[in-house]
Amino acid sequence: MSPQELTEQIFKKKSFLCVGLDVDIDRIPTYLLSEDDPIFEFNKAIIDATHKFCVAYKPNIAFYEANGVEGWQALEKTINYLHHQYPEIYTIADAKRGDIGNTSRMYAKTFLQDLGFDSVTVAPYMGKDSVEPFLEFKNRQAILLALTSNEGAFDFQTQQVNGEELYKKVLKTSKTWKNSENLMYVVGATKAEFLKEIRQIIPENFLLVPGVGAQGGKLEDVCKYGMTKNVGLLVNSSRKIIYASESSNFAEIAGAKAEVLQQQMAEELSQL
Ligand SMILES: O=c1ccn([C@@H]2O[C@H](COP(=O)(O)O)[C@@H](O)[C@H]2O)c(=O)[nH]1
């Protein structure tokens, strides 16, 4: 999907919500464990209940890999279900990959071609030749970690390197890479006060913003400093939505949680 098409979906649904599918087998309702594929059944129920209120889903690949072959099969079934039932939805493989060029090429093939995700998260630490293989696909994006939501972001990302914070160097340097129009960036909602300066460097690019909800980030602050005239935001919430209830109506409750966020987003969009 192109950024323009994603923007159209955002205005149509009055939402820039991304629902995170971080499915921990120990946290899903126990009655699902007797199903052939509990992870997929959980995802299917969550997707059916929340799709009206969001424009994107973000399976975090760690939660699938942790279940071996069965986890990977659940991931494949989930992305195929989204492609067939809800083709208008934007999909993000939160895999945080990046390696020497020929290895990155394999990661890019797996997520952007074979599984057909719209985008994949990528770590910038290994530089240009580790990221460019992800940028070669038409209407697919690499979402580069810029300023992450965790406390450890202050260990390296905000440290000064030759008079400038490292995350700013990541933003500026990545703009010079081949096919950089296919870049989006991760900025944590817990770092909303940094968004003003980030927008001076990348005024147009989409930002994936995790950290609203369970990590304490505030939607209002993200919008105040990070929203552009074309919105330019995908705000993710995972645990607060998908684990809102452990009862048999977990999906309905997840839908209600997603709707609350969607309503707040509609309010923010009305002020554009
Ligand atoms: O800086 C980052 C980058 C990625 N994440 C991921 O987003 C979700 C957040 O989940 P919540 O339950 O809404 O806190 C999760 O998959 C993280 O791995 C992030 O939080 N921060």
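When a ligand or atom number is given, it counts from 1 through the structure's own listing order. Quantities reported herein were computed from a predicted structural model and do not represent experimental measurements. Nothing fancy with the numbering, it's 1 onward along the sequence. The figures that follow rest on heavy atoms only: side chains count, while hydrogens, waters and symmetry mates do not.
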Original post:
Identify the closest protein heavy atom to atom 16 (O) of ligand 1: which residue and atom is it, and at what distance?
Top reply: D22 OD2, 2.6 Å
Original post:
Counting only heavy atoms, which portion of D94 has something under 4.0 Å from ligand 1: side chain, backbone, both, or neither?
Top reply: side chain
Original post:
Does ligand 1 have any atom that is closer than 4.0 Å to a heavy atom of K240?
Top reply: no
Subject >> Residue pair E204 / T228, side-chain donor-acceptor N/O under 3.5 Å >> reply: no
Original post:
Is it the side chain, the backbone, both or neither of S149 that has a heavy atom closer than 4.0 Å to ligand 1?
Top reply: both
**OP:** Look at the aromatic rings of F154 and F194 and report parallel, tilted or perpendicular, splitting at 30° and 60°.
**Re:** tilted
**OP:** Just say parallel, tilted or perpendicular for the rings of Y81 and Y86, cut-offs at 30° and 60°.
**Re:** perpendicular
Original post:
Can you tell me which residue and heavy atom of the protein come closest to atom 12 (O) of ligand 1, and the distance to 0.1 Å?
Top reply: R239 NE, 2.6 Å
Original post:
Hey, which atoms in ligand 1 end up nearer than 4.0 Å to a heavy atom of K58?
Top reply: 6 (C), 7 (O), 8 (C), 15 (C), 16 (O)
**OP:** Output the list of atoms in ligand 1 that are nearer than 4.0 Å to some heavy atom of K96, sorted by atom number.
**Re:** 3 (C), 4 (C), 18 (O)
Subject >> Which of the ligand 1 atoms, numbered from 1, are nearer than 4.0 Å to a heavy atom of N60 >> reply: 15 (C), 16 (O), 17 (C), 18 (O)
**OP:** Before signing off on this row, confirm whether T148 and ligand 1 have an N or O atom pair separated by under 3.5 Å.
**Re:** no
Original post:
Looking only at distance, does N150 have an N or O less than 3.5 Å from an N or O of ligand 1?
Top reply: no
Subject >> E5 side chain to S2 side chain, donor-acceptor N/O pair below 3.5 angstrom >> reply: yes
Subject >> Between S238 and N236, a side-chain donor and acceptor under 3.5 Å >> reply: yes
Original post:
Among protein heavy atoms, which sits nearest to atom 20 (O) of ligand 1, and what does the distance come to when rounded to 0.1 Å?
Top reply: Q215 NE2, 2.7 Å
Subject >> Flag, side chain of Q159 to backbone of E165, donor-acceptor distance under 3.5 Å >> reply: no
Original post:
Will you find, in the side chains of T78 and Y57, an N or O donor that is under 3.5 Å from an N or O acceptor?
Top reply: no
Original post:
Hey, are Q215 and S149 close enough side-chain-wise for a donor-acceptor pair under 3.5 Å?
Top reply: yes
**OP:** Provide, to 0.1 Å, the distance between atom 13 (O) of ligand 1 and the closest protein heavy atom, together with that atom's residue and name.
**Re:** S238 N, 2.9 Å
